[in-house]
Amino acid sequence: MNKVGVVQMNSGRDPEVNVAKLKKKLKGLQLQGARLVITPENALIFGSTDDYQQHAEALGDGPLQSTVAQMAERLGIWLLIGSFPIRQQSGAMTSTALLYDDKGQLVAHYNKLHMFDVEIEDKHHSYRESDTFQAGDETVVADTPFGRLGLSICYDVRFPQLYSALRANGADIIIVPAAFTRVTGQAHWDVLLRARAIENQCWLIAAAQSGEHFDGRETWGHSMIIDPWGQVVACQAQGTGVLTADIDLKLSHTIRTNMPVMQHARFAVHQRNDKS
């Protein structure tokens, strides 16, 4: 078994403030024995389009990415930054998850596939993520010492086809960093997460933003670690904080052996390019 950690944050527009808070939480999780730590969507910067443009960096190059890499190396942990604005060669930005190993090397990245363009009955009301970010076009399953991680971000969780493809490509653990709104989170968050774990017989780790943010946006929190049977084994409801759980892939193997749903499925899963 391997111990994993989750950070629940209330990130804002200033990356230095966010990084300082994250450092303390990562140190605490490292002392608790966590070897893999997941942070939420927008962990390092959560603001306006101008904020993202100001702090966006090319993949693998920039002061914020360097800081994160150094944190992973110094603590000797694998670290997943839930999303960060990455500037592509075309000039467009992607909302990109960044996975670092315990040597501080960037070993995988995932550009968010589904853009959150919706109307919500909250203070913020209208969300148009595609006005800021360009959607990705590839699924990613990354090899780690803890199992194969299937990467996703927030709104992706409403699209089960993505997770079927991640499982078909060998995912043992599904990662869902998020900044779910309070309204949609209260209605659907735990149901969607448990469904994705059950359908794909994977462990699921969801790291969330919580509380009020820039421009009236309010996020739901409720970071969770869910086992392949759909049971919530750890949850941080409101506020900021951390949680841990031991991931046992033997449980996944037992469940998949006793109920081989992938073998029973009578349809073909479309697989995108797999990069690890």
Check: Taking the side chain from Ser152 and the backbone from Ile175, do they hold a donor-acceptor pair closer than 3.5 Å?
Finding: yes

Next item on the list: Examine distances only and state if a side-chain atom of Arg256 and a backbone atom of Gln201 form a donor-acceptor pair shorter than 3.5 Å.
Entry: yes

Note to self: So Asn111 and Glu138, do their side chains get closer than 4.5 Å, heavy atoms only?
What the structure shows: no

Please identify each residue that fulfils ring-ring contact (aromatic ring centres under 6.0 Å, His included) with [X], with sequence neighbours left out.
X: Phe180; answer: Trp189
X: Tyr155; answer: Phe116, Phe159
X: His124; answer: Tyr127
X: Phe46; answer: His213

Can you sort out the partners of [X] under side-chain hydrogen bond (donor to acceptor under 3.5 Å, both in side chains), two or more places apart, ordered by chain and number?
X: Arg128; result: Glu119
X: Ser130; result: Asp117
X: Ser223; result: Gln8

Checklist line | Atom of Ile226, atom of Ala197 and distance for their closest heavy-atom approach | finding: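 Looking at all heavy atoms of both residues, the closest pair is CG2-CB, 3.8 Å.
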
Checklist line | Sole residue of Asp172, Leu99, Asp143 in side-chain contact (heavy atoms from CB on, under 4.5 Å) with Leu149 | finding: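 Output: one option passes, namely Leu99.
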
Notebook entry, point to check: When Thr94 is tested against each of Gln88, Arg87, His109 for side-chain hydrogen bond (donor to acceptor under 3.5 Å, both in side chains), which residue passes?
Noted result: Gln88

Item checked: Where at least one partner belongs to residues 24-48, residue pairs that pass salt bridge (charged side-chain N to carboxylate O under 4.0 Å, His left out), sequence neighbours excluded ->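 Sorted result for residues 24-48: Glu41-Lys112.
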
Next item on the list: Name all pairs fulfilling the salt bridge (charged side-chain N to carboxylate O under 4.0 Å, His left out) condition that reach into residues 183-200, sequence neighbours left out, sorted by first residue then second.
Entry: Arg196-Glu199

List the atom pairs, with distances to 0.1 Å, where a side-chain N or O of residues 237-248 and a protein N or O form a donor-acceptor pair under 3.5 Å, not counting sequence neighbours.
{"unit_1": "Gln238", "atom_1": "NE2", "unit_2": "Trp220", "atom_2": "O", "d": "3.4"}
{"unit_1": "Asp248", "atom_1": "OD1", "unit_2": "Lys250", "atom_2": "N", "d": "3.0"}

Check: Which ILVMFWY residues can you reach from Met1 by hopping between side chains whose heavy atoms are under 4.5 Å apart?
Finding: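 Its cluster partners, ordered by chain and number, are none at all.
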
Next item on the list: Can you run down the side chain to side chain donor-acceptor pair (under 3.5 Å) pairs that involve residues 11-20, sequence neighbours left out, and say none if there aren't any?
Entry: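 Applying side chain to side chain donor-acceptor pair (under 3.5 Å) to every pair that reaches into residues 11-20, excluding sequence neighbours, yields Ser11-Gln209, Arg13-Asp51.
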
Check: Have Thr132 and Thr49 got a donor and an acceptor in their side chains that come within less than 3.5 Å?
Finding: yes

